[in-house]
Amino acid sequence: MNFKDIKQIYDAHIIPSYARQEVCFVRGEGVRLWDTEGNEYLDFGSGFGVNSVGHAHPEWVSAVNRQAAMLAHTSNLYYTGPAGFLAERLCQISGLRQVFFANSGAEANEGLIKLARKYSADKYNDPKRHKIVTLRQSFHGRTHTTLAATGQDAFHAHFQPLTGGFVHAPAEDIDLLRALGSDICAVLLEPVQGEGGIIPLSAGYLQNVSALCKERDWLLMCDEVQAGIARTGPWFSFQESGILPDALSFAKGIAGGLPLGGFIAGEKALDTLTPGLHATTFGGNPICCAAALATLDILEAEQPTVAERGEYVREKLLSMNLPAIREVRGRGLMLGISVKVDPKAAQKKMLQQGLACLTAGADAVRLLPPLVISKTDLDKGLDIIQNVLRKGGSL
Ligand code: PLP
């Protein structure tokens, strides 16, 4: 297989909904990837934060192989061990109580939306009390309803009319939230906004939102799809601000490379979704859950140093004193380098020099390296970033 052949097949047979980089990867090990031509890359994107334990981690591989050989799938008509053990573990690390397993971040958020509507309907029996507040610059997924929840107009074009029932509020403006009326039932937010540009919400704002939600009995729901599972340092990004949401969604890094997402409900919303009200064929799949249990085991050792390694990267980037760098945003190993050059052009140049990374929002080169990355490999990636960004406008 060479790059040209595979590209030709894609051009002929794959719906062109992605702007892909000109590379086809064939193998990964640790924080490294290799392409069809044998070139080596450092992976600072982790497939959008999914490969949290790097590629082909031996413990992860054997957990997946063991489960695949034992039992791949049975459906939610029955009980299986891995889903149960994983749910228990997720409740321990989140402080919440009951898990629903889905297959992706968007699906996880769809579940949260249903949870909020059902909670409100059960308790208030007022059809008007159904609106969910989300924030500008947020991103909650690409299904039709999570698109409507997403607070970025650019994603809404072409797909009107959108699902109703969402109010988009500017972040950090608690007075505006206070002014909202009796038709609200919940707030859904990312404590660290990802796709919107890597924008952490302040602890003060999150605490105020949490207090307001308690006062009005609005469900506070955190979208931890990108920032959760130790990506920003703590197991979940809300934990940095000292709040406890009523529910959260997770996906991406949880299963280290296999598709798994879900949501966790806390005390307030226990037993809100009863038999027949929510379901998915693949959710809680034993292989994905076994992969997630192995991922969490591996991350136990990594999580305590994520925040410190993130600070190390931030300080090194700032100490480069490059005119092309405006600021470095984010927490832990979820970082956005706000650049004064075209971030997509920078991303392309970095790939040509052997560093795979991402962009976010209008101005940021985004770094989501595997959480197992060493400082030595962080340094190697930072050298490439410096090399590319030092060229400034002549990229
Ligand atoms: N929520 C957040 C915060 C995300 O970053 C994403 C994806 O980038 C999603 C939801 C959607 O996740 P998925 O692509 O798995 O549906």
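Just so you know, ligand 1 is whichever comes first in the structure, and atom 1 is the first atom listed for that ligand.
Pairs passing the salt bridge (charged side-chain N to carboxylate O under 4.0 Å, His left out) check and including a residue from residues 126-152, sequence neighbours excluded, read Lys131-Asp183. Applying the salt bridge (charged side-chain N to carboxylate O under 4.0 Å, His left out) definition to pairs two or more places apart or across chains, those involving residues 94-103 are Arg97-Glu267.
With sequence neighbours left out, the side-chain contact (heavy atoms from CB on, under 4.5 Å) criterion links Glu22 to Phe3, Lys7.
For Phe250 and Phe236, the ring centers sit 6.0 Å or farther from each other.
For ligand 1, the 4.0 Å heavy-atom shell contains residues Ser104, Gly105, Ala106, Asn109, Phe139, His140, Gly141, Glu190, Glu195, Asp223, Val225, Gln226, Lys252.
With no hydrogens or angles considered, no side-chain donor-acceptor pair links Ser138 and Asp223 at under 3.5 Å. Side-chain atoms of Glu110 and Thr143 form a donor-acceptor pair, as typed in the model, at a separation below 3.5 Å.
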